[in-house]
Amino acid sequence: MRTAIDPKYLIVFLITLVLVVGEARYHILGGYPRLVTTLGVCLATEVLLSWWLRGRVANLASAYITGISLALLIKPQANILWPFALGAFIAIASKYVLTYRGRHLWNPSNFAIALLVLVASDSVAILSHQWGNDLGTNLVIWAFGLVIASRARVLHVTLTYVVCFIVFALLRHLIVGGPLFAELAPITGPMYQLFVFFMVTDPRTTVSTRRGRMIVVAIVALVETLIRLAGDYQIAWLRPFYVSPPILALAMVGPLAMWWDLRRRGA
Amino acid sequence: MSRTWRHSIVTAAFIAAIVAVVVLNGRAAGSALGAGETIHLAEVAHASGIDFVHQSATLDPKVNHIAAHIAALGACVSVADVNNDGWPDLYFTTSRFGASNALYLNQRDGTFRDVAVEAGVGAVNRAGEGVSMGAVWGDYDNDGFEDLLVYKWGYPQLFHNLGNGHFEDVTAQSGLRTWMNSNGAVWFDFDRDGLLDLYITGYFRSDIDFWHLQTTRIMQSSWDFASNGGKNLLFKNLGNGRFKDVTDSMGVGSTRWTLAAAAADFNDDGWPDLYLANDYGPEELYLNHEGKRFELARAGLEDDSKSGMAVALGDVYNRGVHDVFVTNISEKGFLFQGNNLRLNFLKQLGRFDEVATGVVADAGWAWGAQFGDLNNDGLLDLFVANGFISADSGRSYWYAMSKIAGAQGNIFEDAKNWPPIGSASLSGYEHSRVLLNRGQVGFVDVAEEAGVTDRLDGRAIAMADLFNRGLVDVVIANEKGRALLYRNTANRAHWVELKLVGTRSNRSAIGAEATVEIGPGRQRQVVDGGSGFCSQNDRRLHFGLGDQRFGSVTIRWTSGETQVLNGLAIDQLHVITEPR
């Protein structure tokens, strides 16, 4: 008899695997205080707000995933810790504040990262290169990620995004010129692992139908490509966006899609 | 309390957190000003007769699309008293075939004169031989005259100072004619036999000839843990004008992309160690085991992988130890590596502690750096040169580079997969930092107040009391730009300078250490055999004293001899010869 495991815990396992492997091999955290701060604030905020606003303590798996994601993705100036603390609080609090018809609109870590890179770019950058640029490590995480995404029934989201990214990379290559591999390169990196397995697939912040989710993620890839083209053509006023195109594309498209879906279903 | 009220409170806290982010970010963006006391410098290169302009290398057309990136190195400056007249002279390198390096002799009247060509150390950039990337001075044969090692992308060249204003190229008989793509070298006496040995660092692999590329797979395999760079080589001085490669037997053949090295006794065991700043990888400290072998230390360096560009040594808080400053990259929004200011706790804790914050951590795309007491207050200040490629200010290569930076190594290891840089800048037009040391209060950037306002692409920094006034001046070699001389213009605080002359130790006294009691502290300095980024400070040691008590001076020669001097007069240079 097959035991059903809540997909949430499979994701918890996967992000823990990413953390442990990355830290053991490449010291990706940049110091344990970052992890302790982020995870601690995420869990504490979740406990406090869920109890205070909803009368019961929520399952902490989501806060755990958010905490690890933020600890891995935020790369601050020097040794400052406040982006981890405030980013963690803002991420979890956004679930209780930025809601529509009882559902939160942004993936928490996506919202916090997007906010930090947009309004705190003197203090915060996002993970741009880490983990040794090592094929072996990334293949392990991709393999586990694909299996777990399948079990969590979100593989169609991941694969749609990957296919769209490749198609749009080819398109950018034709438009911009330059090496094709330069356009394909980003998706082979660790930031995209976090993105395709933990952010874009978040079942709580995506639309209700399978077809809808695939369309939304395709639009995310399209908006990402527009941001990337802005980077290629050096459109100055969009510079804050092209430091992290996929994160900001999701931050724009995701909530709009959720709002539209909730509104349609409500009607 | 109603649910609505509770929700309103949470919303207010949420908004307050966002406001806090904005406020704290604003504080990070600004640099502290109003230090009160400051440093005064004036740029006088042209007025001093120095009109040297660095030219970058032209490479194989196969890498034309990123040549501006690859070839953005080679502007070096190193200081030595070449003719033993008691006045420091300057050597600059350039990197274009046919262009001459410059040897500026100090005319003792505030001006310099270039004599490189007639001295025989100018025409070193030749097809088939390679182009200059830097140079270090050291009296390898102990004849009393500083000799010159020019390291290159190509064959390094060793010039013997004949003592008559001319140099002889002795590379062929020295055993040093090994093709390397090097961006750093240090003289040091690792086995304390009284002869200067040589450590030459490799950046790109040594099988790469940049003018006849067999492959475009020449780049780093990782942005943070690459070990496919050129192999560093240690040459032991045999004493007969020849050097022997002892790299493997001594265990110092790192293949990380070393951009800079410095040698000093970091763990106080009496033997000079090697500290490496590696691009695309963690810093490395090789501890010297009595000249018999080196061991890669676990000293808190391996957890932190950045883009090390320079190694500057300084006793930041007058604790009697060598602390280390290593430059790295910061670019708003894209990357905050931050420079490392590592306080030395090797004896107590077995490690360095990284304490850089604020302007010390984030200087931009930082290259050369050196410590020196620029205001003679008894604390070592820090000068940091910044800026990588200043081209079209309206275009930046950062976004294009970020596409491949996160990718798998085998993609960007091949130069042909890099987006073309075209006319774009890459962290261009950045200004230098002049960081005034205020002790436990920390450093403050006083560059603007000090008169350091250039936006050239700084590479090498060297410090010397060029005009024998008891003031430290600053020389900067800029990539594809003119060299700068920042003359220290105003200070009445006390000082003392030491010129050490080895007898049983190497004659240059490179590696000898002086510890001077200043007020309640004691400041330790080492005679420089090469440090910073492709630079070398004057061999003379300068100590600012302020108005503090000047106590004893302890000199530890590389021979092992320790000499304690009391009652030295202030405000003058003391020539101290090692007891025989």
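In what follows, chains carry the letters A, B, and so on, assigned in the order in which the sequence lines appear, proteins first and then strands, with residues in each chain numbered from 1.
- Side-chain rings of B:Phe345 and B:Phe352 stay apart, their centers remaining 6.0 Å or farther from each other.
- Using a 4.5 Å cut-off between heavy atoms, B:Trp418 touches chain A through its backbone atoms (N, CA, C, O) alone.
- Interface remark: B:Tyr280 contributes no atoms to any contact with chain A (heavy atom separation under 4.5 Å).
- Ranked by non-hydrogen atom pairs under 4.5 Å with chain B, the options A:Ala236, A:Ser94, A:Pro83 are led by A:Ser94.
- Put simply, of A:Gly177, A:Gly178, A:Pro186, the one with the most heavy-atom pairs under 4.5 Å next to chain B is A:Pro186.
- In the model, A:Lys95 has a side-chain atom that pairs as donor or acceptor with a side-chain atom of A:Ser62 under 3.5 Å.
- Note: A:Val124 leads A:Ile80, A:Val124, A:Leu115 in heavy-atom pairs under 4.5 Å with chain B.
- Counting non-hydrogen atoms of neighbouring residues, nucleotides and ligands closer than 6.0 angstrom, the CZ atom of A:Arg103 exceeds 12 such neighbours.
- With a 4.5 Å cut-off on non-hydrogen atoms, B:Ala356 touches chain A through its backbone but not through its side chain.
- Side-chain N/O atoms of B:Glu413 and B:Ser221 include no donor and acceptor closer than 3.5 Å.
- No part of A:Leu118 comes within reach of chain B, as not one of its non-hydrogen atoms sits under 4.5 angstrom from that chain.
- With a 4.5 angstrom heavy-atom cutoff, A:Leu116 touches chain B only via side-chain atoms.
- Defined by atom type and a distance below 3.5 Å, a donor-acceptor pair is missing between the side-chain atoms of B:Thr327 and B:Asn339.
- Taken to the nearest 0.5 Å, the CZ atom of B:Phe412 stands 15.5 Å off from the NZ atom of B:Lys403.
- Between A:Ser50 atom OG and A:Arg56 atom CZ the span is 7.5 Å, to the nearest 0.5 Å.
- The side-chain tip of A:Arg172 points at the ring of A:Phe165 from less than 6.0 angstrom away and within 45° of straight on.
- Ranked by heavy-atom pairs under 4.5 Å with chain A, the first of B:Pro420, B:Gly394, B:Gly338, B:Ala17 is B:Ala17.
- Going from atom CG of B:Asp392 over to atom CD1 of B:Ile421 covers 11.0 Å, rounded to the nearest 0.5 Å.
- Within the 4.5 Å cutoff, no side-chain heavy atoms of A:Pro76 are placed close to those of B:Phe336.
- Residue contact with chain A, scored on non-hydrogen atoms closer than 4.5 Å, involves the side chain of B:Glu331 exclusively.
- Other residues, nucleotides and ligands contribute over 12 non-hydrogen atoms within 6.0 Å of the OH atom of B:Tyr317.
- Here the CG-NE2 distance, from A:Leu98 to A:His104, works out to 10.0 Å after rounding to the nearest 0.5 Å.
- The parts of A:Trp52 that come within reach of chain B are both its backbone and its side chain, each placing non-hydrogen atoms under 4.5 angstrom from that chain.
- With rounding to the nearest 0.5 Å, the separation of CG in B:Asp353 from CG in B:Asn340 is 12.0 Å.
- Interface residue A:Val119: backbone and side-chain heavy atoms are both found under 4.5 Å from chain B.
- Contacts between A:Ser244 and chain B at a heavy-atom distance below 4.5 Å are absent for every atom of the residue.
- Using a 4.0 Å cut-off between charged side-chain N and carboxylate O, B:Glu354 and B:Arg342 make no salt bridge.
- For chain A, the option among B:Ser330, B:Gly333, B:Gly281, B:Gly409 with the highest count of heavy-atom pairs below 4.5 Å is B:Gly333.
- Using non-hydrogen atoms only and a strict 4.5 Å limit, the part of residues 40-49 of chain A facing chain B consists of A:Leu49.
- Using a 4.5 Å cut-off between heavy atoms, A:Ile90 contacts chain B through both its backbone and its side chain.
- Between B:Trp398 and B:Trp365, the gap from one ring centroid to the other is short of 6.0 Å.
- A donor-acceptor contact closer than 3.5 angstrom is absent between the side chains of B:Ser307 and B:Asn328.
- For a residue to count as touching a neighbouring chain, one of its non-hydrogen atoms must lie under 4.5 Å from one of that chain's; by this rule A:Arg228 touches chain B with backbone and side chain alike.
- Only the side chain of B:Ile411 comes within contact range of chain A, judged by heavy atoms closer than 4.5 Å.
- Proximity to chain A at a heavy-atom threshold of 4.5 Å picks out B:His7, B:Ile9, B:Val10, B:Thr11, B:Ala13, B:Phe14 from residues 7-14 of chain B, in numerical order.
- Looking at B:Asn417, the atoms closer than 4.5 Å to chain A (heavy atoms on both sides) sit in the backbone and in the side chain alike.
- The ring of A:Tyr161 has its center closer than 6.0 angstrom to the ring center of A:Phe195.
- The pair B:Arg433-B:Asp362 does not meet the salt-bridge criterion, since no charged nitrogen lies less than 4.0 angstrom from a carboxylate oxygen.
- Using a 4.5 Å cut-off between heavy atoms, B:Ser396 touches chain A through backbone and side chain atoms alike.
- Inspection of the A:Tyr242 and A:Glu224 side chains reveals no N or O donor paired with an N or O acceptor under 3.5 Å.
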